[in-house]
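Some notes on the structure that comes next.
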Amino acid sequence: MAELTRADIDEILKLVDGSEFDELKLEMGDLKLELRRRGANPSAPVAAPAPAPAAAKTSEPVAAPIAPESGGTEVPAPLLGTFWHAPRPGAAPFVKPGDTVQADTVIGIIEVMKLMNSVEAGIAGTVTEIAAPNGELVEHGQCLIRVRPA
Amino acid sequence: MAELTRADIDEILKLVDGSEFDELKLEMGDLKLELRRRGANPSAPVAAPAPAPAAAKTSEPVAAPIAPESGGTEVPAPLLGTFWHAPRPGAAPFVKPGDTVQADTVIGIIEVMKLMNSVEAGIAGTVTEIAAPNGELVEHGQCLIRVRPA
Amino acid sequence: MPDIKRIFIANRGEIAVRIIRTARALGLETVLGVSAADTESLGAKLATRAVVLGPAPSKDSYLRVGTVIEAARGTGCDAVHPGYGFLSENRDLAQACADEGLIFIGPSPDNLSAVGDKLTARSHAVAARVPVVPGGTVETLDDATVLADKVGFPLLIKAVAGGGGKGMKRVDDATSLPAQLDMAMAEAEAAFGDSRVYLERFVTVGRHVEVQILSDGDTILHAGERDCSVQRRYQKVVEEAPAPHLPPELRRGLLDAAVRYARHIGYRSLGTVEFLVDVERSEFYFLEMNARVQVEHPVTEAITGLDLIALQIAIAEGKPLTLTQDDIRPSGHAVECRLNAEDMAQDFRPSPGRVTQAWFPALPGLRVDTHMLPGAMIPPYYDSMVAKLITWGATRDEAIARMLTALDVCVLDGITTNVPLHRAILSDAAFRKGGVDTTYLGKLLAGTGENA
Amino acid sequence: MPDIKRIFIANRGEIAVRIIRTARALGLETVLGVSAADTESLGAKLATRAVVLGPAPSKDSYLRVGTVIEAARGTGCDAVHPGYGFLSENRDLAQACADEGLIFIGPSPDNLSAVGDKLTARSHAVAARVPVVPGGTVETLDDATVLADKVGFPLLIKAVAGGGGKGMKRVDDATSLPAQLDMAMAEAEAAFGDSRVYLERFVTVGRHVEVQILSDGDTILHAGERDCSVQRRYQKVVEEAPAPHLPPELRRGLLDAAVRYARHIGYRSLGTVEFLVDVERSEFYFLEMNARVQVEHPVTEAITGLDLIALQIAIAEGKPLTLTQDDIRPSGHAVECRLNAEDMAQDFRPSPGRVTQAWFPALPGLRVDTHMLPGAMIPPYYDSMVAKLITWGATRDEAIARMLTALDVCVLDGITTNVPLHRAILSDAAFRKGGVDTTYLGKLLAGTGENA
């Protein structure tokens with residue numbers, strides 16, 4: 001099965017950005033990519049009556065690709081478990097919004113059956129949001145925090 | 001199963017961008033690609049009543065949305081029945097490729113239970129192809145002939 | 001007649017899929033004629049081929065006899081199955097098939113004429129000594145008194161020249177007969193210039209019970225009865241077989257009468273004779289004969305093990321029935337719930353739309369006839385029935401319990417359905433007792449049911 | 001133990017959907033743990049909630065005990081159903097559930113230990129007086145001659161210290177015993193420095209017959225036997241219940257032995273005791289016990305009317321069985337065909353991909369357990385089984401005929417499946433006669449079947 005890399009997606013983003021399109025949907029095998037230009041109306045569900053034409057705001061720059069509404073790249077949970085913001089109860093959290101992180105900065109811990117797995121940011125930038133609550137289950141791939149790339 | 005590479009997608013994007021199309025939907029095996037030009041209306045709902053097909057009366061040039069590969073606009077069968085190219089066996093056909101037609105030019109007959117229904121082109125232009133064979137069943141909406149609009 | 005090889009199906013929805021199921025089992029090809037709104041339907045995908053008859057409205061597609069014939073011939077079909085509704089009892093289609101050398105999978109044009117008109121059908125019943133609702137024309141009070149004595153009270157007085165219930169009067173006892181008769185005759189005279197009136201027995205507590213008939217023209221068999229008394233505005237909602245608590249002699253009478261009727265008109269195909277059962281008098285009256293497969297045929301299949309569509313096809317091919325009446329041994333009990341895309345909260349308004357999830361898993365004793373799949377579109381042009389759930393049980397209680405489980409387990413999302421109505425009926429004490437009459441569902445909905 | 005309210009399902013595919021079906025019928029919530037490749041699966045859509053355990057490979061998702069426990073606790077589940085395969089017989093999962101206060105819907109860790117290891121399981125059989133394949137260790141020709149007399153010919157000689165068939169010799173008669181024994185002992189000495197060998201009866205014609213056990217720890221019942229002799233490379237392909245042409249006293253012996261075995265190890269849950277039936281000697285030997293629900297459990301459900309998953313859940317809740325052995329009265333015959341996404345023409349290579357059409361309509365006596373719907377993706381990471389068709393009939397012939405119809409009628413497009421293999425088996429005279437042995441399918445595929 002063909003696999004698109006992150007770099008490919010960046011490339012596609014740039015290309016679409018320079019084009020006149022408002023929306024892109026791409027599915028390849030179990031990969032699914034949907035892009036919608038900021039301000040563009042989401043496309044209507046197939047059976048819905050046609051909505052009014054999208055009030056395209058023309059030349060605005062494209063926001064970050066995934067979850068643009070929060071203004072940051074998602075750092076996904078590398079495994080399922082309980083997410084901890086701090087190394088131990090009562091301690092200061094590893095990171096908070098506004099903090100600068102490097103790719104190897106530890107941003108939290110995921111506990112699986114008493115085993116503590118530290119999670120690194122994987123990207124350099126500024127933390128915009130702590131998305132997953134402290135002490136609760138996170139699924140594999142779930143967004144933990146969001147980072148605006150440096 | 002057909003596989004699109006990234007380069008293919010780039011190519012398609014460029015191609016479509018330079019074209020007059022507002023929307024592109026592509027499905028190949030498990031790959032699905034949808035593009036919609038900024039400001040364009042999403043396509044009509046699937047189950048909506050069929051739009052009045054051939055009776056494009058006004059002066060707006062009809063785009064060639066369907067079957068552009070054949071170089072002509074489809075003239076669809078207004079009803080199901082047996083399609084006849086000529087008024088009677090042995091007679092000259094109503095139209096042949098290269099002929100010029102007006103919207104009210106009769107292009108063939110559809111017979112339903114001995115009732116002969118004449119079919120008009122509905123569009124002015126040059127006949128590029130007789131798509132439906134003589135004396136065979138055509139379904140409602142099936143392409144009868146193709147016309148390059150004048 | 002030669003064996004059928006390719007059937008043209010002039011229908012849509014679940015019954016098209018149902019016919020395709022048996023055709024595939026018999027190794028027959030199918031061509032489905034669809035409207036432009038149904039090109040993506042399950043039936044269109046399952047049939048060997050689908051052809052577009054015309055635009056979405058039925059009158060421009062499913063109801064066009066000429067188009068159906070043209071499509072059947074043009075696709076090389078040798079037979080036409082009309083399903084139910086649409087053209088299924090249309091004499092012109094049957095006749096056109098005969099004229100064009102196509103096998104009509106249904107009765108002859110003559111059979112259709114015999115049962116197509118209410119009055120003709122009734123006169124055949126009288127001739128076949130099948131009971132009809134007692135009544136007659138009267139011109140004087142003396143006539144009326146004599147007849148009322150035979151008919152009994154309550155009774156209805158209708159203008160002979162009238163129709164549509166105009167000037168209809170209910171008379172509950174002999175005392176009020178003279179005054180009501182006077183009034184009715186005066187009204188009839190004023191309204192129609194014809195004072196003659198018709199007296200008819202009024203059935204206070206009636207059940208809808210119908211008998212499944214199978215006939216090859218010589219051998220005429222019944223496959224037991226069905227009870228379809230749970231109706232809303234004359235639309236059947238829940239059906240079952242056998243009819244609960246039917247006195248044995250009444251059942252025997254019904255079954256015999258249905259066979260007698262079919263024999264009298266020389267019926268040859270699958271058909272159903274419908275009766276009104278007068279519960280208080282323990283009598284029954286002929287209503288009509290349906291010369292086609294019924295929506296509710298699966299409850300009969302569930303208790304008899306027959307494939308009624310396969311038998312209907314075999315009869316149409318001219319094959320004699322190889323069954324005898326003794327071979328048909330109903331066992332257990334079956335219930336059918338018609339799932340409609342309609343919104344009970346909005347006065348049962350149809351709720352067309354796109355189905356997001358449809359899951360009908362294997363449950364013991366459950367059969368589901370449906371054209372629903374995830375992504376299926378329910379167009380607004382046609383009947384709102386989206387699925388039939390049929391459960392079988394060794395007892396009626398078991399069949400009902402299984403249906404309640406099925407309603408909980410199955411999933412049909414994206415549209416509003418009448419599943420809550422079915423839960424309410426199946427949980428209601430009066431229904432569970434069995435033998436409700438045709439006013440039952442109206443009362444339940446109005447909140448005046450036994451258990452409301 | 002308290003009643004279960006929310007079950008964590010640690011599995012995928014059709015069995016996840018099967019468990020959800022019964023959970024919905026019981027009014028229980030479900031949480032399905034899925035890999036990243038299964039987030040769009042039918043089970044993920046039907047469960048009350050789905051959580052992603054990890055990436056597609058099983059070892060990173062479905063096989064992680066800690067992750068499953070964490071996910072079950074984090075989603076508020078009170079029980080874990082392990083299905084079959086994956087972690088279903090994993091002692092660590094059962095133990096972790098016990099430690100974390102989760103109900104494991106399966107047997108105790110001790111039960112799993114008792115049957116998890118082949119040698120331990122066999123020693124329990126011997127202790128419970130359940131027959132095992134006759135044999136023993138010999139050190140001299142005299143020993144061997146005495147033992148061979150008891151074991152009979154043909155027999156196998158294996159090195160005690162060996163394994164994996166190394167140095168295995170088949171001996172067909174007493175004459176060749178001395179020479180073969182000499183050779184085997186010399187080889188064993190040379191290979192392992194230990195000349196001791198093991199003599200074991202060689203079963204020329206063997207059938208795989210297994211017994212369904214239900215136990216609440218006190219009441220131990222069987223739900224009849226299943227015949228799973230139609231195998232390809234030790235993978236079951238077609239199963240049925242009951243086992244055809246099994247001599248009554250042999251069947252009784254099997255059923256009793258299975259119950260005896262379960263009682264001996266104090267088994268409590270659903271389980272299956274597998275036997276090898278030596279057709280020529282009309283004897284049977286213990287093979288192993290599976291401490292979980294089997295893929296082929298529906299054939300038992302079809303002939304008994306039981307819901308084995310519901311019983312398994314009730315036992316796990318600590319409820320005593322309300323059934324007695326007399327309440328379980330198998331009737332008729334059931335056959336199961338495992339439909340796999342595999343290409344017979346390419347040596348049964350798995351053929352993952354996207355399903356374009358999936359239609360399994362209601363047919364008399366047919367049950368389909370599947371997670372297939374139009375658009376379903378079959379990922380390449382897991383088992384290739386996509387559906388189980390189960391047919392019931394009053395007789396074995398009827399069940400087989402119904403299966404052949406089902407194979408013709410049902411539609412599963414977009415992927416290559418082993419449907420042609422099932423047609424071939426069900427149409428084959430030897431299979432239809434009934435009672436084939438475990439070499440049957442290999443011979444059929446090699447074209448040396450009775451009818452090839």
Side-chain angles (χ1 to χ4, degrees), chain C residues 14 17-28 40 42-43 45-47 298 301-302 304-307 310 331 355-376 387-394 398 401-402 404-411 413, chain D residues 14 17-28 40 42-43 45-47 298 301-302 304-307 310 331 355-376 387-394 398 401-402 404-411 413:
Chain C
E14 68 85 20
V17 170
R18 166 71 188 86
I19 296 162
I20 291 169
R21 188 258 270 181
T22 284
R24 286 179 68 97
L26 297 172
L28 308 180
E40 296 298 311
L42 179 61
K45 290 173 183 167
L46 293 174
E301 295 187 331
T304 60
L306 300 172
D307 181 338
S331 89
V355 170
T356 52
Q357 183 63 283
W359 182 58
F360 302 99
L363 288 170
L366 172 67
R367 159 180 174 180
V368 182
D369 279 19
T370 188
H371 54 304
M372 293 295 103
L373 279 176
K388 304 183 317 202
L389 306 192
I390 304 99
T391 54
W392 179 91
E398 186 180 54
R402 284 173 164 182
L404 280 165
T405 299
L407 292 170
D408 284 346
V409 172
C410 295
V411 177
D413 285 345
Chain D
E14 69 85 19
V17 171
R18 166 71 187 88
I19 296 163
I20 291 170
R21 188 257 271 182
T22 283
R24 284 180 69 97
L26 297 172
L28 308 179
E40 297 298 311
L42 179 60
K45 288 175 184 165
L46 292 174
E301 294 186 331
T304 61
L306 300 173
D307 181 339
S331 89
V355 170
T356 53
Q357 184 62 283
W359 182 57
F360 301 100
L363 287 170
L366 173 66
R367 160 180 173 179
V368 181
D369 279 18
T370 187
H371 54 303
M372 293 295 104
L373 279 177
K388 304 184 317 203
L389 305 193
I390 303 100
T391 53
W392 178 92
E398 186 180 51
R402 286 174 164 183
L404 280 165
T405 299
L407 292 171
D408 284 345
V409 173
C410 294
V411 176
D413 285 346

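Proteins get letters first, then strands, A, B, ... in listed order; numbering begins at 1 in each. All of these numbers come straight from a predicted model, not from anything done at the bench. All values below come from the heavy atoms of this structure, side chains included, with hydrogens, waters and symmetry mates left out.
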Note to self: Test of understanding: with side chain to side chain donor-acceptor pair (under 3.5 Å), list the residues that count as partners of D:D408, not counting sequence neighbours.
What the structure shows: D:R423
Check: Is the closest side-chain heavy-atom distance between D:L366 and D:L389 below 4.5 Å?
Finding: yes
Item checked: Which portion of C:L46 sits near chain D, non-hydrogen atoms under 4.5 angstrom -> side chain
Next item on the list: Can you tell which part of C:V368 gets under 4.5 Å to a heavy atom of chain D, answering side chain, backbone, both or neither?
Entry: backbone
Next item on the list: List in chain and number order the residues that pass side-chain contact (heavy atoms from CB on, under 4.5 Å) with D:A302, two or more places apart in sequence or in another chain; answer none if no residue qualifies.
Entry: D:A334, D:I390, D:W392
Next item on the list: Go through the atoms of D:A406 and report whether side chain, backbone, both or neither lie under 4.5 Å from a heavy atom of chain C.
Entry: neither
Notebook entry, point to check: Is there a donor-acceptor pair closer than 3.5 Å between any side-chain N or O of C:T356 and the backbone N or O of C:D413?
Noted result: yes
